[in-house]
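Report on the following structure.
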Amino acid sequence: MQKNLVIVESPAKAKTIEKFLGKDFKVMSSYGHIRDLKTKEFSIDIEHNYAPQYVIPADKKKLVSELKSEAKAAEQVWLASDEDREGEAISWHLYEVLGLKPENTKRIVFHEITKNAILHAIETPRDINIDLVNAQQARRVLDRIVGFELSPILWRKVKPALSAGRVQSVAVRLIVEREREINEFVSEAAYRIIANFTLPDGTTILKAELSKRLKDKKEVMEFLESCKSASFSIDEITKKPVKKSPAPPFTTSTLQQEAARKLGYSVSQTMMIAQRLYESGLITYMRTDSVNLSDLALGTSKEAILETYGEKYYKFRQYHTKSKGAQEAHEAIRPTYISNTEISGSAQEKKLYELIRKRTIASQMADAELERTTISVCINNKKEKFVAVGEVITFDGFLQVYRESYDDENEKEQENGLLPPVELHEVLSLNDIVATERFTQRPPRYTEASLVRRLEELGIGRPSTYAPTIQTIQNREYVIKGDKDGVERVYSVITLAKDKIKEVDKKEIVGADRNKLMPTDIGTVVNDFLMSYFPDVLDYNFTASVEKEFDAVAEGDMVWTEAIDKFYKLFHPIVEETAAVKTEHKVGERQLGVDPKSGNPVFVKIGRYGPVVQIGQAHPDDKEAPKPQFATLMKGQSIETITLEEALKLFDLPRTIGEYEGKDMVAAIGRFGPFIRHDGKFVSIPKDMNPLSITAEEAIELIDEKRKKDEQRFLKKFEEDPELEILNGRYGPYITYKKANYRIPKTVTNPEKLTYEECMKIVTEAAEKPAATKKRTTKKKA
DNA sequence: CAGTGAGCGAGCTTCCGCTTGACTT
């Protein structure tokens with residue numbers, strides 16, 4: 001019989017702890033929550049004081065019965081779930097479901113997985129904190145009420161299968177509002193003035209910028225004109241020491257941000273890779289909001305720094321979490337063993353590990369020291385000055401290991417180089433002055449990672465939900481991650497050189513974006529709807545204010561059902577009212593005008609499958625009445641901005657554009673964008689062409705291109721096995737075998753020369769690696 | 001990642017937060 005049963009949340013953690021505790025302890029994992037509200041029902045009994053109806057999900061039944069029998073057999077059960085609200089609730093559910101008894105059940109907590117921490121926890125057990133559990137129930141019930149009362153309203157008023165929630169709806173709001181700011185943004189121009197001087201030695205160049213920008217061309221002309229006869233001399237040299245400190249160790253959110261900036265990983269990619277590192281025992285837990293390092297980690301970091309860089313580079317630092325609502329059940333994300341400089345694994349895993357290791361080490365290193373030199377050049381007939389700033393690193397400190405990245409150019413600190421040695425009052429000769437027209441920048445669109453950062457700042461969402469939330473708002477098609485073409489802008493450059501002023505216009509592309517989050521029509525309509533009826537829930541401070549109540553519950557100062565009741569009494573009547581409003585028109589519907597052909601009204605709205613134009617009304621009761629006509633909006637069109645003319649044009653599709661080889665060519669828009677159908681085959685119309693304006697010649701060219709590509713698609717077939725083929729895909733050659741695809745190693749230069757045996761070797765080797773065998777088949781529709 | 005290609009009157013959708021697995025005979 002087992003003496004002790006310890007239950008933790010994660011199986012990887014269970015494995016580690018079992019080693020520390022010895023053979024008198026069996027350690028099992030609950031795999032997170034073991035009980036929850038029903039998935040398909042409201043499951044809250046409003047009439048009976050918001051009593052939640054918990055069930056054990058089907059995929060947890062087997063686990064729960066195993067836990068139950070192990071618990072029954074054990075002399076002592078130790079509930080060791082995380083030391084936060086959710087963890088406390090997990091322990092409580094375990095206690096209830098497993099039928100544990102108070103006399104042989106103990107609750108223990110530790111927030112670092114070290115032998116000392118665990119042994120200490122075993123020595124200092126406590127009871128389940130029911131106040132904390134109730135705070136979790138309040139959180140759970142509130143989220144269910146908000147989600148399950150708001151979503152059905154959207155199904156009725158906007159589109160089926162939509163969703164709303166405390167977290168996702170605010171995430172969408174951030175993106176919608178940012179896009180509006182961008183649309184309303186008016187950039188302002190000003191001239192940046194840069195002068196190149198030659199020092200008295202006759203060769204060295206000093207580059208300096210005018211201390212202020214000039215408003216317009218007239219001002220620039222006047223300024224340059226007066227510079228013709230001016231003399232320039234150095235009137236001030238200042239040197240100032242500057243210090244820079246390292247960033248704290250990673251939390252989930254900062255790891256996601258840095259992995260996106262430095263390695264280009266998406267938020268979910270980062271989490272998957274980190275999960276593998278965690279399961280291999282290489283890093284600590286990857287879902288955390290804490291920047292705290294264990295004493296063990298602090299000690300080994302110190303050793304590593306002293307050994308590799310020397311004492312001068314070491315500085316003991318303790319970080320404190322600043323983010324709102326942090327619960328700090330875990331440590332910061334760090335290598336399990338700092339001394340592990342190299343790991344085995346995929347290239348991605350290695351890169352992420354290296355990032356985590358460097359960040360951890362740097363966080364315990366000395367400040368970098370810089371010397372900032374400012375040289376100011378005065379103009380004898382003006383009070384403005386030219387200024388040159390240079391920076392020299394006098395001691396690199398943590399910079400030797402790690403440098404934090406920035407999201408966009410605005411945030412990036414200017415890279416100041418080294419300045420040439422100069423003397424005070426030295427007279428300089430002017431080479432040229434270049435005035436470049438610069439524009440203020442619009443606010444940046446969110447990336448996945450910058451959205452996570454914003455949500456964290458607002459205290460909305462948790463480390464375990466950042467990645468799923470971003471997935472959800474994209475699945476619902478509230479936002480899309482995509483690219484935006486920039487627009488060409490003309491700016492002028494005015495140069496003074498050799499006493500002559502010259503002006504040229506130059507062109508630049510601005511506002512182009514890659515992989516940024518942008519709202520869709522659906523997202524915008526849903527957001528506007530929720531904002532007008534439920535501004536309190538969409539308020540950026542809603543989560544923060546309910547968290548305050550949950551804190552009061554956790555402290556025992558408030559009964560959780562009263563907190564919920566307070567909210568429900570305000571919230572539910574609005575839900576009822578909103579649902580009761582009979583609307584003839586869908587939310588977001590907009591009439592564009594009248595169809596000149598039929599005289600029927602033309603309007604745009606969110607249809608069952610997304611944004612559409614509709615001509616004429618439906619007459620559900622009259623079967624004889626003419627049916628309305630529909631047309632889907634094209635990519636880039638929006639129900640907010642589309643005009644009547646543009647909308648009517650969409651009805652020209654499908655459009656016969658001519659004949660080729662005796663068969664009609666028809667242009668239309670399908671599920672995956674514009675295409676041409678010809679002789680039963682489909683050819684996509686590229687982004688820079690329009691199905692409404694494409695000519696027969698262009699279409700024939702596309703068809704021929706497609707045929708050529710299809711021919712080249714089959715690189716090689718094998719007689720040994722017809723299911724094995726080498727194909728040419730969008731991303732180069734690949735092997736396909738039994739409906740699965742396999743990458744050809746980069747070392748192979750002539751894929752078409754691969755033999756049957758070589759191909760099968762690639763296939764079987766890939767199949768052995770667990771990651772490659774899995775093929776995600778994402779089903780959108782039921 | 002590796003090729004798809006409507007429809008707008010018929011049937012169930014949805015929340016947030018913990019955690020990973022992968023039918024059973």
Side-chain angles (χ1 to χ4, degrees), chain A residues 8-13 29-37 39-44 59-60 62-63 81-82 84-87 89-90 93 136 139-155 159-169 275 278-279 285 287 327 329 460-466 468-469 472 476 543 586 605-610 612 614 618-621 623 627-632 654 668-677 681-684 710 713 727-736 740-743 770 773-776 781-782:
Chain A
V8 295
E9 288 181 40
S10 141
K13 204 168 167 180
S29 160
S30 75
Y31 293 83
H33 278 291
I34 52 145
R35 207 162 63 148
D36 192 13
L37 302 174
T39 51
K40 309 241 168 200
E41 286 168 41
F42 193 56
S43 292
I44 298 162
D59 59 340
K60 284 284 173 75
K62 195 169 153 233
L63 169 75
S81 48
D82 298 344
D84 57 13
R85 208 160 60 196
E86 299 296 327
I90 288 172
H93 281 299
Q136 192 274 346
R139 199 279 306 155
R140 182 68 190 93
V141 166
L142 177 103
D143 282 338
R144 174 52 68 89
I145 291 173
V146 171
F148 274 43
E149 296 218 336
L150 285 185
S151 300
I153 297 183
L154 296 179
W155 306 342
K159 196 174 105 98
L162 292 179
S163 64
R166 174 176 60 82
V167 174
Q168 57 168 287
S169 296
Q275 175 88 31
Y278 169 66
E279 283 170 6
Y285 198 56
R287 290 187 276 264
Q327 308 202 6
I460 299 172
R462 308 260 35 241
S464 67
T465 59
Y466 295 137
T469 300
T472 301
R476 301 272 175 276
T543 291
K586 287 285 261 313
K605 64 175 190 182
I606 303 291
R608 298 211 312 128
Y609 306 102
V612 283
Q614 182 177 342
H619 301 279
D621 308 325
K623 290 222 161 112
K627 281 191 175 174
Q629 284 180 281
F630 295 93
T632 311
I669 297 179
R671 238 155 87 50
F672 307 97
F675 67 92
I676 298 160
R677 191 175 52 225
K681 292 206 170 91
F682 296 89
V683 184
S684 290
D710 283 347
R713 209 177 142 234
L727 299 180
N728 222 339
R730 259 216 301 177
Y731 305 92
Y734 65 98
I735 295 171
T736 181
N741 299 315
Y742 303 89
R743 178 178 297 167
T773 53
K774 253 190 293 184
K775 240 199 111 186
R776 275 196 77 84
K781 285 177 193 166

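So that the names make sense, note that chain A is the first sequence line, chain B the second, and so on, each numbered from 1.
- With hydrogens and angles ignored, no donor-acceptor pair closer than 3.5 Å exists between the side chain of Arg608(A) and the base of dC8(B).
- Residues Ile34(A) and Thr632(A) both approach DNA chain B. Their nearest nucleotides, taken by heavy-atom distance, put Thr632(A) toward the 5′ side.
- Checking the phosphate oxygens (OP1, OP2) of dG17(B), no side-chain nitrogen or oxygen of Gln136(A) falls inside 4.0 Å.
- What separates CD of Gln629(A) from P of dG9(B) is a distance of 14 Å, to the nearest Å.
- In summary, Arg287(A) and Asp82(A) do not engage in a salt bridge, as defined by a charged side-chain N under 4.0 Å from a carboxylate O.
- Side-chain atoms of Ser684(A) and base atoms of dG3(B) include no donor and acceptor less than 3.5 Å apart.
- One can place CZ of Arg287(A) at 13 Å from P of dG17(B), the figure rounded to the nearest angstrom.
- Residue Gly87(A) is out of contact with every strand shown, counting any heavy-atom pair closer than 4.0 Å.
- Ala164(A) comes within 4.0 angstrom of sugar-phosphate atoms only, judged by non-hydrogen atoms across all strands, and of no base.
- Using a 4.5 Å heavy-atom threshold, the side chains of Arg140(A) and His33(A) count as separate.
- A distance-only check finds no donor-acceptor pair linking the side chain of Lys13(A) to the backbone of Tyr285(A) [under 3.5 Å].
- The base of dC16(B) lies outside donor-acceptor range of the side chain of Arg144(A), with no N or O pair under 3.5 Å.
- Counting only heavy atoms from C-beta outward, the side chains of Leu37(A) and Phe42(A) never approach each other to under 4.5 Å.
- Checking the phosphate oxygens (OP1, OP2) of dC16(B), no side-chain nitrogen or oxygen of Thr465(A) falls inside 4.0 Å.
- By the criterion of a centre-to-centre distance under 5.5 Å and near-parallel planes under 30°, the ring of Trp155(A) forms no stack with the base of dT14(B).
- Between the side-chain ring of Tyr31(A) and the base of dC18(B), no stacking contact exists by the 5.5 Å and 30° definition.
- Residue-level contact check: Leu150(A) touches neither bases nor backbone, having no heavy atom under 4.0 Å from any strand.
- For the OP1/OP2 pair of dC18(B) and a distance below 4.0 Å, the side-chain nitrogens and oxygens of Ser464(A) include at least one atom meeting the criterion.
- The residue Asp59(A) sits apart from the nucleic acid: no heavy atom pair falls under 4.0 Å.
- Across all strands shown, Gln168(A) has heavy atoms under 4.0 Å from sugar-phosphate atoms exclusively, and none from any base.
- Computed from coordinates, the Lys62(A) NZ to dT20(B) P distance equals 17 Å when rounded to whole Å.
- Taking side-chain N and O atoms only, Tyr466(A) has no distance below 4.0 Å to OP1 or OP2 of dG17(B).
- Rounded to whole Å, atom P of dC12(B) lies 17 Å from atom NZ of Lys159(A).
- Counting non-hydrogen atoms under 4.0 angstrom, Pro468(A) reaches nothing in the nucleic acid.
- OP1 or OP2 of dT20(B) has at least one side-chain nitrogen or oxygen of Ser10(A) nearer than 4.0 Å.
- Checked by atom type and distance alone, the side chain of Lys605(A) never pairs as donor or acceptor with a backbone atom of Gln614(A) at under 3.5 Å.
- Which of dG17(B), dT14(B), dT19(B) sits closest to the side chain of Ser151(A) comes down to dT14(B).
- No side-chain donor-acceptor contact under 3.5 Å links Ser81(A) to the backbone of Val8(A).
- With rounding to whole Å, Phe675(A) atom CZ is found 9 Å from dA6(B) atom C1'.
- Here Arg35(A) lies out of heavy-atom contact (under 4.0 Å) with every strand.
- Taking every heavy atom of both residues into account, Gly147(A) and Pro152(A) meet most closely at O-CD, 4.3 Å.
- Tyr278(A) places its OH atom 10 Å from the C1' atom of dT19(B), with the value rounded to the nearest Å.
- Nucleic acid contact for Tyr285(A): sugar-phosphate only, since backbone atoms but no base atoms lie under 4.0 Å from a heavy atom of the residue.
- Among the nucleotides dG17(B), dT13(B), dC8(B), the one closest to any side-chain atom of Val612(A) is dC8(B).
- Minimum atom distance to the side chain of Arg166(A) is reached by dC16(B), of the listed dC8(B), dC16(B), dC18(B).
- Comparing atom distances between the Gln275(A) side chain and each of dC18(B), dT20(B), dC15(B) picks out dT20(B) as nearest.
- Between Arg476(A) and the phosphate of dC15(B), there is a side-chain N or O to OP1/OP2 separation shorter than 4.0 Å.
- Among the atoms of the strands shown, none is found under 4.0 Å from any heavy atom of Ser30(A).
- For Arg462(A), taking side-chain heavy atoms from C-beta onward, the closest of the listed nucleotides dG5(B), dC18(B), dT19(B) is dC18(B).
- Between Glu41(A) atom CD and dT14(B) atom P the separation is 15 Å, expressed in whole Å.
- Remark: the backbone N or O of Phe675(A) is not paired with any side-chain donor or acceptor of Ser684(A) at under 3.5 angstrom.
- Using a 4.0 Å heavy-atom cutoff across all strands shown, Val167(A) reaches sugar-phosphate atoms only and no base atom.
- OP1 or OP2 of dT14(B) has not a single side-chain nitrogen or oxygen of Lys40(A) nearer than 4.0 Å.
- The distance between atom CD of Glu86(A) and atom C1' of dG17(B), rounded to the nearest whole Å, is 5 Å.
- Residue-level contact check: Gly32(A) touches the bases, meaning some heavy atom is under 4.0 Å from a base atom.
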